[in-house]
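Contents: one structure, followed by commentary.
Sequence lines set the chain letters: A, B, ... in the order given, protein chains first and strands last, and positions in each chain run from 1.
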Protein chains: 2
Amino acid sequence: MNNTESGAAFTELLLEVFRLNGVLLTEGDRLTADLGLTSSRWQVMGAISEHPLSVPYIAREMGLTRQGVQKMVNILMKEGLVEFEDNPHHKSSKLVSLSAEGRKRLSRIDDIQRAWANQIARDHDVDDLKRTFRFIRQLRDTLERKQS
Amino acid sequence: MNNTESGAAFTELLLEVFRLNGVLLTEGDRLTADLGLTSSRWQVMGAISEHPLSVPYIAREMGLTRQGVQKMVNILMKEGLVEFEDNPHHKSSKLVSLSAEGRKRLSRIDDIQRAWANQIARDHDVDDLKRTFRFIRQLRDTLERKQS
DNA sequence: ACCATTTTGACAACTTGTTGTCAATCAACC
DNA sequence: GGTTGATTGACAACAAGTTGTCAAAATGGT
């Protein structure tokens, strides 16, 4: 079976997404190395910065397994960056929220991340950024619908 | 510091890239689960399907560390899917090539992967796919240039 | 109110990456 | 030809995710 033109283009894109993912993780870690927070940790913290959320909810939000997020949350708990709140809708599934220290730490990271994002984004057209975001999300939708 | 419009768009894109990356890996593994080869294994095998390459070269190609690729290659070696060839340019750094069995296995995977890519790509505009590829690569270029 | 199904947390084993370090090899230059 | 610096393979420790399993808790239909 031969590749269609679209199929070949999709495969090229897919490999490039893997590479970009790697570079983004590396950069994210580098940005906040001195603050003692890796990319995945502040991503979890970012998810609960507005409202406290349960672990499975965060996982669905980020496209990860609940076990993986649970592990991360347990570590953040040990480090005193998040707290558990009672969940009115579920006795044993607590809501995770930022502690005062967690909030302070996240806000410093947010400053750094925002400055960095602004700087990178300056070199690119805002419409390209938005269009690419929409297309990537659409691609993910297609993939997720096919697998179900 | 507030986000610029571009900065916010970039951050949104970045989070979506993480999610797409996850879905792609999951799908890749699901596709070839019965063939006993995970995504990362056939990615490495794909890299050497044209010409034998050294481990560090594969790593640079894929945007990974040489140690990570080395680990993968050692596993593929144990399973008899790749072989080491003498490298005329380096006494101890062998070239990695596909074994007969590896080539056979990869060609089956390629068929499956191609059919899948064609099917997914069918739902999307080929120009969008190409444009997105170019933009993502450009983004990665920017990121890699900033960090050096 | 009961029962079947789903959701959840906890734990273990595993995969795929990372960094750091060491010694061996290679390349370049004086 | 010797020294110096970069590249390489091997190994260890670690990070971040996965799957699978179990029991407890929640949910929904009859």
Only pairs under 3.5 Å count here: list side-chain donor-acceptor contacts from residues 35-48 of chain A, not counting sequence neighbours, and write none if there are none.
| unit_1 | atom_1 | unit_2 | atom_2 | d |
| --- | --- | --- | --- | --- |
| A:S39 | OG | A:L25 | O | 3.4 |
| A:S39 | OG | A:D29 | N | 3.3 |
| A:S39 | OG | A:D29 | OD1 | 2.9 |
| A:R41 | NH1 | A:E79 | OE2 | 3.4 |
| A:W42 | NE1 | A:T32 | OG1 | 3.4 |

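If you measure from atom CZ of B:F84 to atom C1' of D:dT8, you get 12 Å, rounded to the nearest angstrom. If you measure from atom CD1 of A:I58 to atom C1' of C:dG9, you get 14 Å, rounded to the nearest angstrom. A straight line from CE of B:M45 to P of C:dT16 spans 13 Å, rounded to a whole angstrom. Straight-line distance from the CD atom of B:Q70 to the C1' atom of D:dA12: 15 Å, rounded to whole Å. Distance B:L24 CG to C:dT16 C1': 16 Å, rounded to the nearest Å. Going from atom CG of B:N74 over to atom P of D:dG9 covers 9 Å, rounded to whole Å. Spacing between atom CG of A:L25 and atom P of C:dT16 amounts to 17 Å, rounded to whole angstrom units. The distance between atom CZ of A:R19 and atom P of C:dG17, rounded to the nearest whole Å, is 13 Å.
Using modelled atom types and a 3.5 Å distance limit, the side chains of B:S99 and B:E83 yield no donor-acceptor pair. Side chains of A:N118 and B:T4: a donor-acceptor N/O pair is present below 3.5 angstrom, by distance only.
Between atom CZ of residue A:R145 and atom CG of residue A:L143 there is a gap of 9.5 Å, rounded to the nearest 0.5 Å. Annotation: the span from B:L31 atom CG to B:Q113 atom CD amounts to 7.5 Å, rounded to 0.5 Å. Distance check, rounded to the nearest 0.5 Å: CD of A:E12 to OG1 of B:T132 gives 12.5 Å.
The shortest distance between the side-chain N/O atoms of A:S92 and the OP1/OP2 oxygens of C:dG9 is not below 4.0 Å.
Looking at B:R66 and B:Y57, their side chains never come closer than 4.5 Å, going by heavy atoms from C-beta outward.
The terminal axes of the helix from C:dA1-D:dT30 to C:dC30-D:dG1, fitted over 5 pairs per end, subtend an angle of 40° to the nearest 10°.
Salt-bridge formation is detected for the pair B:R131/B:D128: a Lys NZ or Arg NE/NH1/NH2 atom is positioned less than 4.0 Å from an Asp or Glu carboxylate oxygen. A salt bridge links B:R140 with A:E16; the closest basic N to acidic carboxylate O contact falls under 4.0 Å.
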Every protein N/O lying under 3.5 Å from an N/O of nucleotides 16-20 of chain D:
| unit_1 | atom_1 | unit_2 | atom_2 | d |
| --- | --- | --- | --- | --- |
| D:dA16 | OP1 | A:T38 | OG1 | 2.4 |
| D:dA16 | OP1 | A:S40 | OG | 3.3 |
| D:dA16 | OP2 | A:R41 | NE | 3.3 |
| D:dA16 | OP2 | A:R41 | NH2 | 2.8 |
| D:dG17 | N7 | A:K71 | NZ | 3.2 |
| D:dG17 | O6 | A:K71 | NZ | 2.3 |
| D:dT18 | OP1 | A:T65 | N | 3.2 |
| D:dT18 | OP2 | A:T65 | N | 2.9 |
| D:dT18 | OP2 | A:T65 | OG1 | 2.3 |
| D:dG20 | O6 | A:Q67 | NE2 | 3.2 |

